[in-house]
Each structure stands twice: as C-alpha cells, then as structure tokens.
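Chain A is the first sequence line, chain B the second, and so forth, proteins listed ahead of strands; every chain is numbered from 1. These numbers were taken from a predicted model, which means no experiment stands behind them.
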2 protein chains.
Amino acid sequence: MHKINYARYIVLGMLSCGPTTGYEVKRFVKEFMSYIWDISYGQIYPTLSLLERQGCATMNEEKTGGGRPKKVYQITDQGLTELQAWLRGPETKEYELFLKLCFGSLLTPDELIPKLEAYRRKREEELPIMEEWLKTMESGPVMGPNTPYYLLLTKFGFDYFHLEKEWCSQSIETLKKLE
Amino acid sequence: MHKINYARYIVLGMLSCGPTTGYEVKRFVKEFMSYIWDISYGQIYPTLSLLERQGCATMNEEKTGGGRPKKVYQITDQGLTELQAWLRGPETKEYELFLKLCFGSLLTPDELIPKLEAYRRKREEELPIMEEWLKTMESGPVMGPNTPYYLLLTKFGFDYFHLEKEWCSQSIETLKKLE
DNA sequence: AACAACATGTAATAAGTTACATGATTGG
DNA sequence: CCAATCATGTAACTTATTACATGTTGTT
C-alpha cells in the first residue's frame with residue numbers, strides 16, 4: 001500500500017477542467033477548497049513539471065508583454081487516464097472521497113453512489129461506538145482530569161459523524177436525480 | 001513561522017496524563033482520538049527517545065517476565081513547561097485547538113474560552129462567504145461540469161462550519177460552568 | 001496450531017512547508 | 001509611491017508513512 005499524493009491529484013484534477021497555470025491552481029484551491037484542502041507553490045510547480053516530463057501534461061508559454069511568461073499546462077490523454085483510474089479506484093485515506101467528488105463529472109453517478117454508500121455505512125457503524133464512549137465519559141472521570149474536555153471533543157465528533165452520514169444520504173439522492 | 005509537530009505534542013500530552021509507553025500512546029490515540037488524529041509507531045518511538053534525550057521525559061524499563069521489557073516514560077518539569085507553552089501559545093494551524101483541548105485540564109477555563117471565542121468568530125466570518133458561493137454555484141454552471149459536485153461539497157462545508165460554530169458556543173458555556 | 005494482541009524499534013522513502021529569490025503590473 | 005496581485009520557481013528542511021524486523025503471551 002503506497003502513500004497517496006494528494007497534490008498530484010489536485011493538480012491533475014484542476015488540469016482536467018481546462019488549460020491552466022500553477023498560479024491559477026493555487027488561487028482556485030484557496031478560494032473554493034480552502035476549508036478542506038491546501039496546496040503550496042512548493043508542491044504545485046514541481047508537480048506540474050513532473051507531470052509534463054511523465055507525459056501527463058503539455059506546456060505552452062504565453063508571453064504577457066514585459067512580465068514573466070505564463071506557463072499554461074494542458075492535460076493529455078495519459079494524464080486523464082491516470083486521473084480516472086484514481087477516481088475509480090478504492091479510497092485508502094479518510095476524506096479522499098471528498099477530493100474525488102471535486103472532479104465528479106469524470107465519473108457517472110452510478111460509479112459515485114456506491115462510494116458514498118460505503119462512506120455512509122462506515123459512519124453508521126461508528127456512530128453507536130461513539131455513543132458508547134459518550135456514556136462512558138459522562139459516567140465518571142475515566143480519563144483523569146481531561147475527561148470533561150474529551151467529552152466536548154467526543155460530542156463534536158459524534159455530531160460531525162452524524163452530519164457526514166446525513167450529507168451522504170442527501171448527496172446520494174441528488175446524484176440519483178442527475179443520472 | 002515554523003511547522004508544528006503534532007506528533008511531539010500528542011506524545012507530550014499523553015505523557016502529561018501519567019507514565020506511559022509507546023504502545024499505550026498508540027492504543028489511546030486509536031481508541032479515543034482516531035476520528036481526528038492519527039500517529040504511527042514510526043513517529044511515536046523516535047519522538048519518545050528524542051524527548052528523553054532533550055530532558056522532556058525520563059525512561060524506566062520494566063521487565064515483564066520473558067518478553068521484551070516495557071519502556072515506561074514519565075514527563076519532566078521541562079516537558080510540562082514546553083507543553084504548557086504550546087497550549088498557551090497561538091494556534092497556527094486549523095484544528096490545532098482541537099488537539100489542545102485534549103489536554104485542556106492543563107489550562108484554566110478562562111485561558112481556553114478566548115481561544116474558543118476566536119475560533120467561533122472565524123467561522124462566523126466565513127459562513128456568509130460560503131453562503132455567497134452557494135448562491136453563485138446554484139445560479140449557473142460557473143465551474144464547468146463539476147459545478148453540481150462542488151455544490152454538494154460546499155453544502156457540506158457550510159453545514160460543517162455551522163456545526164463548529166454551534167459547538168464552540170456550547171463548549172464555551174460548559175467551560176464557564178467549570179470555572 | 002493459529003491468530004490476535006502485546007511490545008519495541010529502524011530504514012527507506014515520500015510528502016509537505018517555509019523561506020528565499022525575482023520581477024512586472026495595477027489600483028489607490 | 002506603496003501595496004497588492006500577478007507570476008514562477010528552488011533549496012533546505014521537517015514531518016509522516018510504510019515496510020520490515022523480532023519475539024512473547026493469551027485466546028480460540
């Protein structure tokens with residue numbers, strides 16, 4: 001099991017939306033994905049040139065008057081194939097599904113729905129376990145002086161899992177209508 | 001601005017709860033913090049021995065019959081001082097506050113409350129911005145074919161920020177009663 | 001007999017951050 | 001004229017993951 005390189009898929013995904021530059025990738029991620037993803041120039045630029053060397057993207061320089069020329073990257077068939085293989089493959093990390101959803105139009109709703117169902121099922125299994133923890137913590141200082149603080153966090157975790165579960169259900173319904 | 005080493009503070013925090021071993025740290029994090037934190041043995045054991053070398057912890061070997069002896073680590077005054085300095089200091093990363101809360105008993109409620117208030121304020125400022133995005137995305141395919149998928153994610157983000165905001169308010173009230 | 005849990009650790013590798021370096025253009 | 005934004009990139013560093021290595025004890 002190898003590590004997943006989020007940066008690579010963020011960049012590849014952005015490229016799949018149309019020709020773009022490193023600067024624009026950063027802007028987009030900051031503006032519309034900042035509450036869940038981040039990416040730094042130190043990842044973007046090396047990733048972009050690696051992608052080019054590997055045949056996943058092509059580059060065109062655009063002269064902009066006096067300034068530094070823009071480097072506009074475009075995804076290739078090979079890049080698209082790799083992106084789709086990742087999108088279709090299994091999620092190995094928490095939240096990987098959220099990133100995949102950003103490029104959801106590259107899959108059909110019925111490829112996405114089972115993934116959302118699996119995610120929901122996982123949360124459904126975890127919720128009663130968290131409820132147990134809550135009861136344990138409420139019944140006594142089982143975790144020493146930090147118990148009241150863990151309790152706050154666990155309450156948050158419980159509500160958070162519940163939110164994810166509900167969101168999955170709603171999203172599944174929305175995707176079914178899109179089909 | 002330097003990177004924060006979560007692993008170091010997770011281990012230091014666990015040590016502040018009483019003498020413990022690397023194996024136990026892993027177990028605890030997995031059992032009670034897994035929905036938000038993770039830590040691997042590849043981080044735990046080197047961190048533990050670094051902490052010892054730096055005078056933040058002391059180690060005692062406990063022979064357990066035939067098996068490999070347990071290495072029980074205990075936090076020192078220096079380690080506690082470092083932990084508290086971090087707890088009192090500013091949060092530089094998203095979710096750092098959640099980790100600090102795990103060891104909340106080392107601070108007074110009125111040291112924690114302003115931190116929660118600041119976090120809530122941040123979310124209160126971001127919520128109307130996300131509401132704007134939602135309107136923008138609902139009014140047309142502003143982000144190409146991925147728009148319906150971004151919309152799902154942004155809805156989640158909005159509800160999530162709302163949840164965090166509400167949780168802050170409830171936690172602040174709980175902490176006020178603890179005072 | 002097999003398997004999970006207890007228990008510690010290292011080496012190779014990968015992923016991500018920060019600080020730095022450079023310079024044009026646009027708006028107030 | 002100053003600050004922000006546009007625009008690209010590198011080097012040093014830190015942080016984290018994975019796979020491997022080893023062996024015991026308790027449970028089924």
Specify the separation, in whole Å, of atom OH of Tyr6(B) and atom P of dT14(D).
-> 18 Å

Scan residues 45-56 of chain B against DNA chain C and write down, sorted by residue number, each residue with any heavy atom closer than 4.0 Å; if none is found, say none.
-> Tyr45(B)

Could you check how far CG of Asp38(B) sits from C1' of dT18(D), rounded to whole Å?
-> 13 Å

For Tyr41(A) and dG23(C), what is the distance between atoms OH and C1' respectively, to the nearest whole Å?
-> 15 Å

Between the side chains of Ser169(A) and Glu173(A), is a donor N or O closer than 3.5 angstrom to an acceptor N or O?
-> no

Residues, nucleotides or ligands: over 12 heavy atoms within 6.0 Å of Asp110(B) CG | yes

Check the distance between dT5(D)'s C1' and Lys70(A)'s NZ and give it to me in whole angstrom.
-> 13 Å

Under 4.0 angstrom between Lys93(B) side-chain N/O and dT18(C) OP1 or OP2 = yes

Between Gln43(A) and dT17(C), does any side-chain N or O lie under 4.0 Å from OP1 or OP2?
-> yes

May I have the distance from Arg8(A) (atom CZ) to dG16(C) (atom P), rounded to whole angstrom?
-> 13 Å

Numerically ordered, the residues 10-32 of chain B set in heavy-atom contact under 4.0 Å with DNA chain C is Thr21(B), Gly22(B), Tyr23(B), Arg27(B)

How do Gly42(A) and Asn5(B) order along DNA chain D: which one's closest nucleotide is nearer the 5' end?
-> Gly42(A)

So is Lys155(B) actually on top of Trp167(A)'s ring, under 6.0 Å and inside 45° of the axis?
-> no

Rounded to whole angstroms, how far apart are CD1 on Ile39(B) and P on dT15(D)?
-> 12 Å

For Tyr119(A) and Glu164(A), does a side-chain donor sit closer than 3.5 Å to a side-chain acceptor?
-> yes

Using only side-chain N and O atoms of Lys71(A), determine if any of them is under 4.0 Å from OP1 or OP2 of dT8(D).
-> no

